[in-house]
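Note that this is a predicted model, so its numbers are computed, not measured. For reference, positions follow the sequence shown, starting with 1.
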Amino acid sequence: MAEKKGPRPDIDLEADALMALEQARAMTPGPERTEAMKRAGRLRNAADLQGLFFAKRGRPAEKLSEGI
């Protein structure tokens, strides 16, 4: 039987966004860096939206970026 490949079970968009941002900051200035920075921003926005969509009712969303 063929194994179905679905999305990753535990998507950690915040960690992906931070990693993408660090990689983009390490690049030399130019169009590739600009695109990498945009990608990092999109991942950050997706992480923020994920927190809103999957927040528990009656409780505020967790603040994971405190101290950063």
Side-chain angles (χ1 to χ4, degrees):
M1 184 182 292
E3 185 179 328
K4 289 185 178 182
K5 286 191 174 187
R8 293 186 296 182
D10 295 324
I11 298 175
D12 190 358
L13 292 174
E14 186 161 351
D16 290 346
L18 287 173
M19 187 170 58
L21 183 60
E22 289 174 11
Q23 290 173 351
R25 286 180 176 165
M27 298 172 79
T28 57
E32 293 87 13
R33 182 178 191 262
T34 302
E35 288 303 315
M37 293 293 278
K38 287 179 184 178
R39 180 179 181 274
R42 287 192 299 266
L43 284 170
R44 180 72 235 162
N45 288 339
D48 289 343
L49 286 174
Q50 186 182 38
L52 291 175
F53 287 136
F54 296 105
K56 304 275 190 230
R57 288 189 68 156
R59 293 176 38 189
E62 292 182 24
K63 284 190 139 188
L64 298 177
S65 60
E66 284 186 13
I68 293 180

CD of Glu14 to CG of Leu18, rounded to nearest 0.5 Å, is 5.5 Å

Which heavy atom of Ala36 sits nearest to which heavy atom of Met27, and what is that distance? CB-SD, 3.7 Å

N-O pairing of Arg25 and Glu22 below 4.0 Å: no

Counting only N and O atoms by type, is there a donor-acceptor contact under 3.5 Å from the side chain of Arg33 to the main-chain atoms of Ala24? yes

Give, for atom CZ of Arg42 and atom NZ of Lys38, the distance between the pair rounded to the nearest 0.5 Å. 8.0 Å

Here the gap from Asp16 atom CG to Leu21 atom CG, rounded to the nearest 0.5 Å, amounts to 12.5 Å

